[in-house]
2 protein chains.
Amino acid sequence: MAIRPAEQLIHKAAWLYYAHGLRQDQVASQLNISRASVAMYLRKARETGIVNISTSTQLFTDDVLARKLEDALGLDAVWIAPENDHIADPSTEIAVLAASVFLELVKKGDRIGVAWGRTVYMIADIMSYADLQDVTVVQLCGNLGAPYSYRPDQCTMEIARRLNAKGLNFYAPLVLSTEELARALRAEPVIREQLSGVGECDLALYSVGAVDADSHLVKCGALTSGEMAELRSRGAAGVIAGQIIDAEGEVLDCSYNRRVISAELASLRAIARRLMVVQEDSKFEPLFAAIAGGLCTHLVVGARMAQRLLDHAAATTEKAS
Amino acid sequence: MAIRPAEQLIHKAAWLYYAHGLRQDQVASQLNISRASVAMYLRKARETGIVNISTSTQLFTDDVLARKLEDALGLDAVWIAPENDHIADPSTEIAVLAASVFLELVKKGDRIGVAWGRTVYMIADIMSYADLQDVTVVQLCGNLGAPYSYRPDQCTMEIARRLNAKGLNFYAPLVLSTEELARALRAEPVIREQLSGVGECDLALYSVGAVDADSHLVKCGALTSGEMAELRSRGAAGVIAGQIIDAEGEVLDCSYNRRVISAELASLRAIARRLMVVQEDSKFEPLFAAIAGGLCTHLVVGARMAQRLLDHAAATTEKAS
DNA sequence: CACGGCTCTCGACAAAAGTCAAACTGGGCA
DNA sequence: TGCCCAGTTTGACTTTTGTCGAGAGCCGTG
């Protein structure tokens with residue numbers, strides 16, 4: 001298959017149509033092909049990111065609630081997805097919004113850290129294609145060998161594919177059975193290099209996990225629901241990039257965390273823009289912990305969650321004063 | 001006129017249509033308005049930059065000639081507009097390309113320096129709207145009081161308007177009648193501040209002028225064609241931001257230059273990305289001078305000019321070795 | 001060299017989007 | 001109050017775009 005000429009044609013058709021504003025039949029006669037082909041090329045151009053159609057997400061930041069949250073929580077930017085009556089599926093709405101926001105935040109030459117989870121994969125899946133060169137997507141934590149389609153490496157690869165970027169995933173398990181082995185593996189040059197490269201990312205994308213029996217950590221067999229409950233009683237508040245954090249957003253001191261292969265929280269905090277997306281209302285506590293720990297600078301949530309965060313923040317401030 | 005609700009509706013319609021991929025009639029029924037209104041809102045959304053449709057300009061950099069030029073002239077990126085048989089108007093083609101390239105180079109928060117000229121104004125005029133916040137467009141040189149529509153301040157303002165950005169033009173004449181007055185005016189705080197702010201720009205957009213009787217400097221009465229000819233014989237090779245440069249791209253030592261109010265070449269060179277656009281084949285000499293003087297990092301030209309530049313560069317290198 | 005299997009292309013039809021003049025709305029003003 | 005104006009909104013119409021199945025070219029294979 002001759003890739004070049006086809007690609008060229010797609011580019012040319014897209015250029016004449018979108019940049020010059022010609023109609024499809026005019027493009028067709030310029031390129032000496034049928035109008036139907038032009039229509040097909042244009043679809044391909046949109047699908048591959050040769051043309052980019054992006055809508056401003058201002059509508060969702062340009063909101064009193066969003067402003068208040070930014071102030072109250074010290075965040076750089078907050079986007080709030082509406083959750084009223086006729087929004088069919090709030091969690092999809094949040095993902096669509098997050099995908100747009102993400103694409104708005106990505107710049108050429110960026111290095112992007114991506115974690116795992118249903119939310120992240122859903123965003124990847126919804127996200128439209130873009131043609132960024134010189135972008136690298138790196139995986140923030142080890143893999144879980146589960147049958148889920150949203151394994152860390154899947155998330156990384158899918159996002160890389162969408163952006164036409166380079167995907168850098170690392171093939172280590174997320175959790176090992178002994179601390180010793182984890183330590184040894186972390187010291188491996190390949191792994192160490194990748195982990196230390198996390199701090200050089202320009203942008204991170206992740207969600208936060210809940211500490212309960214529904215957690216992927218439990219579903220994938222990394223922890224039993226009993227262990228999870230025990231960790232919870234010892235102060236576990238959420239899961240970030242496979243690590244368990246406490247209510248202050250610090251790594252919980254426990255065997256599990258010491259057996260994990262993942263980017264250190266300090267490296268995550270070193271990333272200038274950290275986009276956190278939370279779909280489920282039930283993840284209030286984990287989210288608050290993550291914010292408390294400074295693990296997020298940009299936030300996409302639903303309206304109900306936004307209100308709860310604001311109420312809680314206000315209550316905390318009041319108590320403090 | 002209630003601006004808010006209308007704006008909101010435009011945003012919502014654009015969001016549902018472009019981000020969610022609904023059809024116009026579906027959007028209409030969601031928002032309880034007629035489909036015709038949706039169509040109108042969508043047009044407004046495109047016109048105001050609420051939705052951005054951009055086509056990759058890769059086609060024009062992804063070219064052997066462009067690569068060679070980048071290497072030969074030490075430029076960061078070169079775009080070449082085709083000029084074959086059925087391109088109706090090469091100079092428009094160059095401007096359309098330049099507008100796309102410019103929009104691709106602009107980032108949020110940028111400070112952009114803009115010079116004057118037919119080319120720059122044409123780009124501004126063709127350029128689609130975008131909704132960049134936190135962008136500032138500054139004028140690089142003083143005004144000419146001519147009846148042209150492409151006065152420096154017009155260029156600045158139009159580009160600022162298109163980007164939804166802040167325009168900072170300065171109201172000083174480009175040329176004064178005495179060196180003394182020019183010196184005094186340059187020392188004025190308002191002017192000095194703006195001139196010194198040029199170095200802090202992230203991106204510059206300009207073209208280069210020819211040193212002949214057709215030059216705007218002559219047409220606007222800043223110089224007579226006789227003076228122009230004399231300057232030419234003394235080594236003048238081109239005009240950048242209202243200043244006359246020699247073949248090495250340095251300011252020519254002459255009374256005219258000392259009477260000009262404009263950004264110093266050193267400040268221009270301090271701008272990280274300098275996008276130069278040249279439409280006319282006749283501007284070969286001025287362009288080569290500008291490149292020699294390091295006044296451009298990104299270049300948009302036509303195919304013929306590109307070839308001439310490459311040939312000349314090759315000849316020069318050969319002679320040197 | 002004939003044969004599937006493959007992708008690419010085209011014509012024709014169906015669906016969607018653009019357009020325009022007429023109707024409507026709400027706010028300012030006599 | 002009633003009238004007028006400027007700007008919206010709409011239904012009906014036209015133009016443009018999307019899609020689908022048929023056919024054409026292409027290649028490796030038996």
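When reading the values below, keep in mind they use all heavy atoms of this one structure, side chains included, and skip hydrogens, waters and symmetry mates. We name chains A, B, ... by the order of the sequence lines, and we start the count at 1 in each one.
- Between A/Ile159 and A/Leu205 the shortest side-chain heavy-atom distance falls below 4.5 Å.
- Regarding B/Ile10, its CD1 atom lies at a distance of 15 Å from the P atom of D/dG7, rounded to whole Å.
- To the nearest angstrom, C1' of D/dT15 lies 15 Å from CZ of B/Arg43.
- One can place CG of A/Leu22 at 16 Å from C1' of D/dT15, the figure rounded to the nearest angstrom.
- Judged as a salt bridge (charged side-chain N to carboxylate O under 4.0 Å, His left out), not a single pair has a partner in residues 31-40 of chain A (not counting sequence neighbours).
- Between atom CD1 of residue B/Ile112 and atom NZ of residue B/Lys166 there is a gap of 12.0 Å, rounded to the nearest 0.5 Å.
- A parallel orientation is assigned to the rings of B/His298 and B/Trp79, their planes being inclined by less than 30° (bins at 30° and 60°).
- Atom-to-atom, CD1 of A/Ile53 to C1' of D/dT17 comes out at 13 Å; the value is rounded to the nearest Å.
- Rounded to whole Å, the distance from CG on A/Leu16 to C1' on D/dT16 is 17 Å.
- Judged purely by distance below 3.5 Å, without hydrogens or angles, the side chains of A/Arg46 and A/Tyr129 never pair a donor atom with an acceptor atom.
- Salt-bridge annotation for B/Lys44 and B/Glu47: absent, with no side-chain N of the basic residue lying under 4.0 Å from a carboxylate O of the acidic one.
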List, with names and distances, any nitrogen or oxygen atoms from the protein found under 3.5 Å away from nitrogen or oxygen atoms belonging to nucleotides 9-16 of chain C.
unit_1 : atom_1 : unit_2  : atom_2 : d
C/dT9  : OP2    : A/Tyr41 : OH     : 2.9
C/dC10 : OP2    : A/Ser34 : N      : 2.8
C/dC10 : OP2    : A/Ser34 : OG     : 3.0
C/dC10 : OP2    : A/Ser37 : OG     : 2.8
C/dA16 : OP1    : B/Arg23 : NE     : 2.8
C/dA16 : OP1    : B/Arg23 : NH1    : 2.9

